[in-house]
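To keep things clear, I will list the structure first and then write my remarks on it.
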Amino acid sequence: AQSVSQHNHHVILSEAASLELGCNYSYGGTVNLFWYVQYPGQHLQLLLKYFSGDPLVKGIKGFEAEFIKSKFSFNLRKPSVQWSDTAEYFCAVKGSGYALNFGKGTSLLVTP
Amino acid sequence: GAGVSQTPSNKVTEKGKYVELRCDPISGHTALYWYRQSLGQGPEFLIYFQGTGAADDSGLPNDRFFAVRPEGSVSTLKIQRTERGDSAVYLCASSLTGGLTDTQYFGPGTRLTVL
């Protein structure tokens, strides 16, 4: 069965610090990878996605993620976070089925 | 354009009661998904519709849960004999075709509380 593991459940950073959120998955076949974000009081929205091609994917608001197939990882990065990046971040994997399999999420708090 | 909408935003009910949760997908999207998110967890898949038919209901936890999409647009998730463990946020998502590379767009969710 597929599983998605997000290493950090709670992260606190100061503004301008760099961010890296870990995501590892367990699945043997071809995967499609996603990062979703949920800002306070808002619904889940897509940050970025990877299907094929260049393993370094750029998304909205300066986020990027790198797919490392050998490590079954899809870590999210941002060089300099802002207070407005405070949110819950979810990694998700889709294999051959239709469902997204989500990790438990990482709560990011950015302090001014 | 309009996104996915869900009603009600909050539902409080008593154990044993029946509830219906509604989802209105993005216009033109043929694929519709229901997920459930418990506190401290990521969303968990319940059921997937392609058009009017349930193409994959493998995530429904038991036969108290049922969902319909009679006209291929609005969907209703129905929960019979609710239990306290059903308390969660129920999320609906839609995508254009249901293809493997489709982006799923989520609604705001319905927070269900079973007392």
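Order of the sequence lines sets the chain letters (A, B, ...), proteins ahead of strands, with each chain counted from 1.
For A:Gln42, no part sits under 4.5 Å from any heavy atom of chain B, backbone or side chain. Only the side chain of A:Leu46 has a heavy atom closer than 4.5 Å to any heavy atom of chain B. Heavy atoms of B:Glu44 lying under 4.5 Å from chain A are absent altogether. Only the side chain of B:Leu91 comes within contact range of chain A, judged by heavy atoms closer than 4.5 Å.
Nearest heavy atoms, B:Thr103 versus A:Tyr36: CG2-OH, 4.3 Å.
In this structure, the side chain of A:Asn32 engages the main chain of B:Leu100 through a donor-acceptor pair within 3.5 Å.
Relative ring orientation between A:Tyr98 and B:Tyr48 is described as parallel, the plane-to-plane angle staying below 30° on a 0-90° scale split at 30° and 60°.
Atom OH of residue A:Tyr50 and atom OG1 of residue B:Thr101 lie 12.5 Å apart, to the nearest 0.5 angstrom. Going from atom CD of B:Gln37 over to atom NZ of A:Lys104 covers 12.5 Å, rounded to the nearest 0.5 Å. Note that the CZ atom of A:Phe102 and the CD atom of B:Gln41 stand 13.0 Å from one another [nearest 0.5 Å]. Within the model, atoms CD of B:Gln6 and NE2 of A:His43 stand 10.0 Å from one another, a figure rounded to the nearest 0.5 Å. Residue B:Tyr105 holds its OH atom at 11.0 Å from CD of A:Gln45, rounded to the nearest 0.5 Å. Taken to the nearest 0.5 Å, the NZ atom of A:Lys94 stands 10.5 Å off from the CZ atom of B:Phe45.
The same ILVMFWY cluster, assembled from side-chain heavy atoms under 4.5 Å apart, contains both B:Leu32 and B:Tyr90. A continuous path of ILVMFWY side-chain contacts below 4.5 Å connects A:Leu47 to A:Val110, so both sit in one hydrophobic cluster. One hydrophobic cluster, built from ILVMFWY side chains closer than 4.5 Å, holds both B:Leu77 and B:Val114. Follow the hydrophobic side-chain contacts under 4.5 Å out from A:Val4 and you reach A:Leu21 in the same cluster. In the hydrophobic clustering of this structure, A:Val37 does not group with A:Phe34; members are Ile, Leu, Val, Met, Phe, Trp, Tyr whose side-chain heavy atoms approach within less than 4.5 Å, directly or through other members.
Few gaps surround CG on B:Leu115; more than 12 heavy atoms of other groups in view lie less than 6.0 Å from it.
The contact list for residues 57-71 of chain B toward chain A, using heavy atoms and a distance under 4.5 Å, is empty. Of residues 70-93 of chain A, those residues lying under 4.5 Å from chain B by any heavy-atom pair are A:Phe90.
Put simply, the side chain of A:Leu44 reaches to within 4.5 Å of the side chain of B:Pro43, judged on heavy atoms.
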